[in-house]
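Labels below follow one simple rule: chain letters A, B, ... track the order of the sequence lines, proteins then strands, and each chain is numbered from 1.
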Amino acid sequence: MAIKQISIFVQNRPGHLADVTEILKENNIKIIGLSLTEGNDFGIVRLIVDDVYKTEYLLKEDKYLTRIDDVLVILIDDQIGLINSICQELAKNNININYIYMLLEEYNKKLPLVIKTSDQEKTKEVIENLGISVISQSTKSRNN
Amino acid sequence: MIWSLKETLPREDIEEIQLKRLKKQIKKIYKKVPYYREKFKEIGIKPKDIQSLADIKYLPFTSKEDLRLNYPFGMFAVPKEEIVRYHASSGTTGNPTVVGYTRKDMETWKECIARLVTMAGVTRRDIAHISFGYGLFTGAFGLHQGLEKVGAAVVPMSSGNTQRQIKMMKDFGATVLIGTPSYGLRLAETAIEMGIDPLTDLKLRVGCFGGEGSTEAMRDKLHESLGLFATENYGLSEVVGPGVSGECTELTGLHINEDHFLCEVINPETGEVLPAGEEGELVITPLTKEAIPVVRYRTKDITSIDYEPCSCGRTTARMAKVSGRTDDMLIISGVNVFPSQIEEVLYNIDGIGTNYLITVYKENYIDKIAIDVEVTDNSVLDSPDSIENLLKKVREQLHVTLGIHPKINLVESKKIKRTEGKAQRVVDLRNKDGN
Ligand SMILES: [Zn+2]
């Protein structure tokens with residue numbers, strides 16, 4: 001199962017994220033994960049939703065700049081030190097983390113974590129070697 | 001003080017000089033400039049048909065485009081060895097407009113400037129700091145020569161390096177500031193940041209501003225922040241450069257050097273000459289220009305002319321401060337730019353869409369330009385850095401090509417304002433709120 005993430009360009013102004021979430025609500029699309037990366041005057045919204053292509057269609061209709069990527073979602077236990085082990089291990093392998101965010105619901109009693117790094121293939125390998133399950137095939141994103 | 005007796009002649013005498021010079025000028029142009037000879041022939045007019053000043057209405061107009069099409073020397077009326085100076089105006093797309101000056105043109109130019117700076121209150125005891133850029137633009141050299149003629153000491157500072165400008169003004173004890181009004185305000189702000197109070201640490205008393213229009217609010221602000229008496233002067237390189245008109249200390253409008261420039265105000269749509277006092281497009285015919293003597297040059301600047309004598313003692317007609325343009329040219333802190341030029345730059349940058357909105361506004365009385373631009377390349381959603389890089393590229397391209405420093409807002413496409421389905425490209429907020 002590949003997990004698809006949609007990224008959306010928004011201005012960093014009051015109401016602009018709300019415009020996006022409103023479209024989703026109107027169309028009964030469920031947000032499973034959300035992160036907002038901030039630039040100077042803009043933001044990049046990253047969403048995991050229950051219907052990524054419908055979301056893309058709706059947002060494009062409204063002329064939003066969007067992009068869909070396959071992302072790596074790892075399932076971790078709610079346990080002290082686990083995130084540290086992951087970070088340490090990635091560092092050791094010289095992998096840079098671009099962003100990490102949590103999904104809003106548990107998955108098999110574990111916490112799903114979206115992770116984007118400088119090398120997704122290697123990240124998957126490193127994390128699996130730690131005995132942590134990864135629920136996506138880290139295929140190359142289609143824009144790369 | 002009044003520099004020349006020519007500024008105080010009775011109206012009949014002014015008009016007599018104008019008519020004499022106009023007839024001579026048109027005769028010469030007909031003989032020396034094939035472009036005009038052809039044009040005159042086309043509409044069936046001969047120099048001898050000009051028998052009164054009002055007859056000028058039969059002559060064809062000249063536009064900036066005409067000058068461009070005859071680039072570089074097609075409109076010149078003298079052999080090249082007669083030229084002692086060239087200047088050119090901005091031409092970022094296509095050809096610039098080139099102008100030349102004979103030795104006599106240089107004398108006329110100096111004379112015109114000498115009158116304008118004198119009517120602003122400048123004397124031979126002044127130290128004049130010139131903050132216009134020295135180069136192909138006419139501003140710096142024009143003022144420079146006229147100030148020297150008056151006998152003032154000129155500090156040819158040129159543009160840029162604001163802190164150094166302030167240090168020089170302070171150390172040299174500059175009493176006159178020459179530049180754009182918006183740069184004057186910038187100097188005031190920078191001085192304060194440097195811990196220099198312009199009101200006590202500088203000796204500025206008169207400002208001769210030009211290169212862009214200004215408002216009464218700006219005049220007040222220049223006075224408050226720099227402690228100087230702010231005046232405005234007007235001109236354009238196609239007819240001479242600065243030197244067409246300027247404000248006297250009565251601030252009743254800009255006195256026109258009428259013995260050198262015949263000014264008309266026309267309806268920009270019909271081309272019809274408007275009665276005195278009515279607002280319209282200013283059209284200028286230089287009466288003594290030798291090198292490149294244009295006929296009825298359309299300035300695209302909107303103003304009106306008052307022919308009543310002024311309380312300062314001068315009888316020369318006064319034009320009102322330019323209130324706007326008939327085209328969409330924007331003047332951003334002295335830099336002329338057309339929206340179409342901005343558009344061309346944007347269109348050539350990958351990752352940017354075809355919708356944009358230019359907003360011109362004032363921040364602390366200084367012209368600012370902001371451009372809303374849509375992003376179309378979704379690969380930049382990779383990271384904020386990719387977006388920052390795109391922003392940087394847009395800013396650099398606009399600066400390198402047009403010399404402007406806009407604030408670029410990357411916006412969602414649908415947030416770019418449109419009026420009635422049609423894209424609105426420019427919003428000018430500068431003349432709102434009394435600015
Ligand atoms: Zn006056």
On a heavy-atom basis, which atom in A/Leu65 and which in B/Asp377 lie closest, and how many Å separate them? CD2-O, 3.8 Å

Quick check: closest heavy atoms across B/Val411 and A/Phe9, and the distance to 0.1 Å? C-CE2, 3.7 Å

Taking atom NZ of A/Lys54 as the centre, does the number of heavy atoms from other residues, nucleotides or ligands within less than 6.0 Å exceed 12? yes

Roughly how far, to the nearest 0.5 Å, is OG1 of A/Thr37 from CG of B/Asp385? 11.0 Å

Check: A/Glu38 and B/Pro384 side chains under 4.5 Å, non-hydrogen atoms: no

Measuring from B/Asn378:CG to A/Glu56:CD, what's the distance to the nearest 0.5 Å? 8.5 Å

Is it true that, when you exclude B/Tyr134 itself, more than 12 heavy atoms of the residues, nucleotides or ligands shown sit nearer than 6.0 Å to its OH? yes

I want to check something: taking the side chain as every heavy atom from C-beta on, are B/Glu412 and A/Gln11 in contact at a cut-off of under 4.5 Å? yes

So does A/Ile83 have more than 12 non-hydrogen atoms from other groups sitting under 6.0 Å from CD1? no

Is there a side chain to side chain contact (heavy atoms under 4.5 Å, CB included) between A/Asn40 and B/Leu391 once you walk through the steps? CA-CA 11 Å; A/Asn40 269 332; B/Leu391 265 171; 5.8 Å; no

Non-hydrogen atoms of chain B under 4.5 Å away: do they reach the side chain of A/Asp62, the backbone, both or neither? both

For B/Arg219, look at atom CZ and say whether over 12 heavy atoms of other residues, nucleotides or ligands are found less than 6.0 Å away. yes

Check whether more than 12 heavy atoms from other residues, nucleotides or ligands sit under 6.0 Å from atom NZ of B/Lys321, and answer yes or no. yes

Please tabulate, for the side chains in residues 42-49 of chain A, all donor-acceptor contacts under 3.5 angstrom to protein atoms that are two or more places apart in sequence or on a different chain.
from    : atom 1 : to       : atom 2 : distance (Å)
A/Arg46 : NH1    : A/Ser7   : OG     : 2.9
A/Arg46 : NH1    : B/Leu381 : O      : 3.0
A/Arg46 : NH2    : B/Leu381 : O      : 3.2
A/Arg46 : NH2    : B/Asp382 : O      : 3.1

